[in-house]
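For this chain, numbers begin at 1 and follow the sequence in order. Atom set for the values below is all heavy atoms of this structure, side chains included, hydrogens, waters and symmetry mates excluded. Indexing begins at 1, ligand by ligand and atom by atom, following the structure's order. Being a predicted model, the structure only gives us computed values, none of them experimental.
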Amino acid sequence: MSSPPSTEIDRPLGVAVLGSTGSIGRQAIDVLEGLPDRFRVVALATGRNATELGAQAARLRPAVVALGEEASGARLHLPFGTGRITGSDALTELATRADVDLVVVATGGIVSLGPVVAALAAGKVVATANKETLVAAGHLVMPLARDLAARVAVDRPGDPFASPLAWLRPIDSEHSAIWQCLVGESLSAVAALILTASGGPFLDGPADLAEVTREEALRHPTWSMGAKITIDSATLANKGLEVIEAHWLYDVDYDAIEVVIHPQSVIHSAVRFVDGSLKAQLGTPDMRLPIQYALTHPDRRPSPAAAVDLVAAGRLDFRAPDETRFPALRIARDAGLIGSRATATLIAADEVAVSRFLAGTLPFSGIPALLEAAVTRFGENGNQAPDLATLVALDAEVRAFAAGSPGAGS
Ligand SMILES: NC(=O)c1ccc[n+]([C@@H]2O[C@H](COP(=O)([O-])OP(=O)(O)OC[C@H]3O[C@@H](n4cnc5c(N)ncnc54)[C@H](OP(=O)(O)O)[C@@H]3O)[C@@H](O)[C@H]2O)c1
């Protein structure tokens, strides 16, 4: 284990950004470029976008970059001094480099699962927007973060790095909000975690979601995000995945994780304590804020995100989610209660279901139907704490099923 990055920063921390060209990745770069005294980008990885990766490398001059395997032959213009690595282990290689202190995970799916496990095992700090890693493998990842924290706690019990959340830092705005609400609190005083959801574009209709179009589903009312997570927000599958993510991050039982629809997306989430007191975190819908909090924790620094104007916000509304119109929320919660085989099945099926919906080969209502069919078929039986190799094999098996399935119920 490398020694924990000190809160008394005496040199810029070395950062690897996995998925640097995506929605979160670009915003992470934006934040990192604004804090040159604290961070130095030493490694970048993306899937296919060689042009943007080359442009980022020209600006940031990292030591090394990697493109996903499918694009490994792509032409990539790099500045002098920046190397390129290829191969199926490239992300792990980047995430565990000696000059990397902190890994920002901004990829989708489980492509970064192995690299996250390796990075934590090597004593790196991981700041993750990617929820799939925790949803599929919370049982593998959280013990590593807890172990790192426990080792610090032996000598320095009050150190911020004596908490697992200092090692595995959530970027998802809801989980960042909960993290911020929990500062200075004990988990034993928590009565419930309250995840807020905008409700997506179909909150107020139509009653029948079978015929909604790709364009309608991509029109998120409050957040600007990548296509996959935008569709997940429209089905509420995203909130279901976040319930599972919260369960792992905060070690809270499912019956103490609530979801509340809050259309204005000003309250990013809240925690209710045993005395009935409720703490909430408010912010504008700008991911640069939770990204920066995860990077600079436990410090706060001025941010490029605008502050909330309560008077301009005017009113804040809340209502219960409708699990009949949005069954994906219930399906995800049920999968969480079954175990990690079921939740790994859920995310693999969801990724295929969403890409099929975007490609026009599955109706919107076919997404939850496909999730339920996949969890029933692959998720319910078997070891509910699968190892890494089993998870990767299961992911491939479920994807093949989901790609070929007519979409039960559609
Ligand atoms: N977007 C948001 O506001 C938001 C909010 C909360 C949580 N999240 C979560 O954050 C994660 C990323 O979301 P996103 O919206 O930023 O996704 P996105 O826009 O689709 O970006 C995904 C990134 O991963 C890269 N990538 C794909 N395959 C790769 C591979 N094999 N190796 C290295 N990089 C690879 C992509 O590169 P190419 O573009 O070059 O293919 C891209 O840079 C998801 O888990 C999502 O649920 C996102």
Heavy-atom nearest pair, Glu69 first then Ser88, reads OE1-CB, 3.3 Å
Parallel, tilted or perpendicular: rings of Tyr250 and His175 (30°, 60°): parallel
Residue pairs passing the ring pair (Phe, Tyr, Trp, His ring centres under 6.0 Å) test with at least one member in residues 51-80, sequence neighbours excluded, are none
- Kindly state whether the ring of His268 and the ring of Trp223 have centres lying under 6.0 angstrom apart. yes
At a 4.0 angstrom heavy-atom cut-off, ligand 1 is contacted by Gly19, Ser20, Thr21, Gly22, Ser23, Ile24, Thr46, Gly47, Arg48, Asn49, Leu91, Ala106, Thr107, Gly108, Val111, Ala129, Asn130, Lys131, Glu132, Asp172, Met225, Gly226, Ile229, Met287
Can you confirm if the aromatic rings of Phe202 and Phe326 lie within a centre distance of less than 6.0 Å?
no
**Report entry** Salt bridge flag under 4.0 Å for residues Glu372 and Arg330
**Finding:** yes
